[in-house]
There are 2 protein chains.
Amino acid sequence: MTPQEKALIEAKANVFKALGHPTRLWIAEQLADGERCVCEFVEKVDADFSTISKHLSVLKQAGVVVDEKRGKMVYYRLKVPCILKYMPCIEEVVQAGIQEHIDMLG
Amino acid sequence: MTPQEKALIEAKANVFKALGHPTRLWIAEQLADGERCVCEFVEKVDADFSTISKHLSVLKQAGVVVDEKRGKMVYYRLKVPCILKYMPCIEEVVQAGIQEHIDMLG
DNA sequence: TGCTCATATGGTAAAATCACCAAATGTTCA
DNA sequence: TGAACATTTGGTGATTTTACCATATGAGCA
């Protein structure tokens, strides 16, 4: 594996890792139909302002979202919306796991 | 958010998390064109047998791969191949980040 | 049965992640 | 300018992840 290949796979893994936290995944899904300000997330998740802010920073640094400050507020949106096209496949993985679990019990 | 919704998003995040490690993502990509035995991974990655085995176990428990023992060897394959279908999008995220970095320097 | 090979599991120390609190920053408005 | 607001940053302790080593399991073969 060349250093370039290694760097690429690390960057890609980093994208998955960023989405690999329930709160961050939820945030990404919230951005499906457009931008949201930070305050909207804090309102809906029962978590500290700073916690949300740090999650957003992880998503931003992974390249999943971009932010824009307008007035007092900061708005976030998906940088590369195709990310969301992934979800049906992920749900398929989850469903397969659940089905297997049911089969095992039955 | 209902308990069901919460459980679903946690399960989905877990799939992303499983892919969110360079070695595990690499393993998943290796499985693109069919099954591989554990020994093949160990050969190509410079890591301990037990390390690879544990990564495989994470992927398995997340529902990404399935294993099958045949004779002395254990073979792994992708359970839900669509996982790989969206790599171009992930690469797009990464590329966008790199481009931005270049622009910033230039 | 006993040996060897392929893989898994348990233990452990170092590093990373997470959520909260407190304090800093930067923006608007009086 | 100064108060109020939205968000970020720094610090901390608890928990999780990771990679290695040593040991266990389980299959095939002598």
Side-chain angles (χ1 to χ4, degrees), chain A residues 1 6 9-28 30-31 34-79, chain B residues 1 6 9-28 30-31 34-79:
Chain A
M1 191 148 51
K6 199 178 166 205
I9 204 133
E10 273 170 11
K12 287 196 285 181
N14 209 40
V15 175
F16 283 104
K17 193 172 163 187
L19 294 168
H21 185 287
T23 303
R24 290 196 295 264
L25 185 57
W26 177 83
I27 288 175
Q30 294 302 299
L31 298 176
E35 65 179 22
R36 295 269 183 285
C37 81
V38 182
C39 56
E40 288 181 78
F41 297 130
V42 177
E43 227 172 69
K44 291 184 190 172
V45 187
D46 187 28
D48 198 84
F49 233 103
S50 66
T51 300
I52 298 295
S53 182
K54 275 173 188 171
H55 280 312
L56 285 164
S57 149
V58 171
L59 286 169
K60 183 181 166 184
Q61 109 96 41
V64 175
V65 302
V66 285
D67 62 342
E68 188 185 339
K69 187 159 198 168
R70 288 205 303 277
K72 265 195 282 198
M73 271 124 102
V74 179
Y75 294 88
Y76 280 83
R77 61 174 181 279
L78 287 179
K79 188 167 177 188
Chain B
M1 190 149 52
K6 201 178 166 205
I9 203 133
E10 274 169 9
K12 287 197 286 182
N14 208 41
V15 177
F16 281 106
K17 193 172 165 188
L19 294 167
H21 184 288
T23 303
R24 290 195 294 264
L25 185 56
W26 176 85
I27 287 175
Q30 294 301 300
L31 297 177
E35 66 178 19
R36 295 267 184 285
C37 81
V38 181
C39 55
E40 289 180 78
F41 297 131
V42 177
E43 229 171 67
K44 290 184 189 170
V45 186
D46 189 27
D48 198 85
F49 233 109
S50 66
T51 301
I52 298 295
S53 183
K54 274 172 190 171
H55 280 312
L56 284 164
S57 146
V58 171
L59 286 169
K60 182 181 166 184
Q61 111 95 38
V64 175
V65 303
V66 285
D67 62 342
E68 187 186 338
K69 187 159 196 167
R70 290 207 300 277
K72 265 197 282 198
M73 272 122 103
V74 179
Y75 295 86
Y76 280 83
R77 59 174 183 277
L78 286 178
K79 189 167 173 187

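Rounded to whole Å, the distance from CD on B/E10 to P on D/dT16 is 13 Å. With rounding to whole Å, A/I52 atom CD1 is found 16 Å from C/dC21 atom C1'. Distance, A/I27 CD1 to C/dC18 P: 12 Å, rounded to whole Å. Between the CD atom of B/E40 and the C1' atom of C/dT7 there is a distance of 14 Å, rounded to whole Å. Taking atom CG of B/L56 as the reference point, atom C1' of C/dT9 lies 14 Å away to the nearest angstrom. Per the geometry, CZ belonging to B/F49 stands 12 Å off P belonging to C/dC5, to the nearest Å. Going from atom CD of A/Q61 over to atom C1' of D/dT9 covers 16 Å, rounded to whole Å.
B/A13 and A/P22 make their closest contact through CB-N, 3.6 Å (heavy atoms, listed as atom of the first residue, atom of the second, distance). A pairwise comparison of heavy atoms in B/K6 and B/M1 identifies N-CG, 3.9 Å as the closest pair. Across A/M73 and A/C37, no two heavy atoms sit closer than the pair CE-SG, 4.1 Å. A/D67 and A/K60 get closest at one heavy-atom pair: OD2-NZ, 3.1 Å. The shortest non-hydrogen separation linking A/I52 to A/A47 is CD1-CB, 4.3 Å. Nearest heavy-atom pair across B/Y76 and B/V38 is CE1-CG2, 3.6 Å.
By the neighbour-count criterion of 12 heavy atoms within 6.0 Å, atom CD of A/E68 is densely surrounded, having more than that number from other residues, nucleotides or ligands.
Note on A/Y76: a side-chain N or O is less than 4.0 Å away from OP1 or OP2 of D/dT8.
The nucleotide whose nearest atom lies closest to any side-chain atom of B/C39 is, among D/dT7, C/dT7, C/dA16, C/dT7.
Counting only residues at least two apart or in different chains, side chain to side chain donor-acceptor pair (under 3.5 Å) contacts with residues 11-25 of chain B comprise A/E29-B/K12, A/E91-B/K12, B/R24-B/H55.
Taking every heavy atom of residues 63-75 of chain B and every atom of DNA chain C, pairs under 4.0 Å involve B/K72, B/M73, B/V74, by number.
A/K60 comes within 4.0 angstrom of no nucleic acid atom, judged by non-hydrogen atoms across all strands.
Remark: of the listed residues A/V58, A/L56, A/L19, A/L56 is the sole one forming a side-chain contact (heavy atoms from CB on, under 4.5 Å) with A/I27.
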Show each protein N/O and nucleotides 19-22 of chain D N/O combination with a separation under 3.5 Å, one pair to a line.
unit_1, atom_1, unit_2, atom_2, d
D/dA19, OP1, B/H21, NE2, 3.4
D/dA19, OP2, B/H55, NE2, 2.7
D/dC20, OP2, B/D48, N, 3.4
D/dC20, OP2, B/T51, OG1, 3.3
D/dC20, N4, B/K54, NZ, 3.0
D/dC21, N4, B/S50, OG, 2.8

